[in-house]
Amino acid sequence: MKSEPSEVSIDDLASRKSVPWFGVRNYQARNFMRDQMQVGDQAFFYHSSCAEPGIAGICEVCAPAHPDSTQFDPDSPYFDAKSSAGNPRWVCVDVRFVSKTRLIPLTELRQHGELAGMQLLQRGNRLSITPVSSAEWQYITERLMRGKDRG
DNA sequence: GCCAACGTTGGC
DNA sequence: GCCAACGTTGGC
């Protein structure tokens, strides 16, 4: 799950009980949250659009998909005039902090052939939420996150 | 700021 | 339904 750290960083997540994954305005990413993600599922927390993009930690889904309140807020950059309370277009799950890991840069992820199939790493990928296979999850958590914690 | 890639929109 | 134009994402 990608987040711009200037909006919500792994430290921001750690300081809060939970955070709604607001602002997703892409149907595929929305559908992942609505149809695939369940309470208890874990995800990599990825810092995007920043100096050092990469995986910064792990989070866990703690509430199933519900309407994203920012779509109804005219002052929000995520406001959607075509959505309505009766028929909300955008939903989001809530996530909570699990752990902060060393920052695993995108460039490092690309160096591992075992991860070449990750949707995150595919050319032109723009989805803010992408699936991770169990093999990929295992490889990253057991082999890449085992290094010294550099904060 | 550039630009590749891809999603959305809207005229037809 | 096609497709050109336009907008957005996000790494670099």
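Per chain, numbering begins at 1; letters A, B, ... match sequence-line order. As the structure is a prediction and not an experimental result, all values here were calculated from the model.
OP1 or OP2 of B:dA5 lies within a sub-4.0 Å distance of a side-chain N or O belonging to A:Arg123. Between A:Tyr46 and the phosphate of C:dG11, there is a side-chain N or O to OP1/OP2 separation shorter than 4.0 Å.
You'll find that the side chain of A:Ser49 is closest to C:dG10, out of B:dG7, C:dC12, C:dG10. Closest to the A:Lys82 side chain, of the nucleotides C:dC12, B:dT9, C:dG11, is B:dT9.
A:Asp11 has a carboxylate O that lies under 4.0 Å from a charged side-chain N of A:Lys100, or vice versa, which qualifies the two as a salt bridge. Using a cutoff of 4.0 Å between basic side-chain nitrogens and carboxylate oxygens, A:Asp68 and A:Arg25 are scored as salt-bridged.
Between A:Arg126 and A:Arg110, the one whose closest nucleotide on DNA chain C sits nearer the 5' end is A:Arg126.
The CE atom of A:Met118 sits 9.5 Å away from the CH2 atom of A:Trp137 when rounded to the nearest 0.5 Å.
Here the P atom of nucleotide C:dG10 and the CE atom of A:Met1 are 13 Å apart, to the nearest Å. What separates OH of A:Tyr27 from P of B:dT9 is a distance of 6 Å, to the nearest Å. Regarding A:Ile55, its CD1 atom lies at a distance of 15 Å from the P atom of C:dG10, rounded to whole Å. Separating the CG atom of A:Asn26 from the C1' atom of B:dA5 is a distance of 13 Å, rounded to the nearest angstrom. In this structure, A:Leu120 places its CG atom 17 Å from P of B:dA5, rounding to the nearest Å. What separates CD of A:Gln122 from C1' of B:dA5 is a distance of 13 Å, to the nearest Å. Distance CZ (A:Arg25) to P (C:dG10): 14 Å, rounded to an integer number of Å. Rounded to a whole Å, the NZ atom of A:Lys2 is 9 Å from the C1' atom of C:dG11.
With 3.5 Å as the limit, one finds a donor-acceptor pair spanning the side chains of A:Trp90 and A:Asp80. Using a 3.5 Å distance cut-off with no hydrogens or angles, the side chains of A:Ser9 and A:Asp12 do pair a donor with an acceptor.
Among the protein residues, A:Glu4 comes within range of no part of the nucleic acid, since none of its heavy atoms lies under 4.0 Å from any strand.
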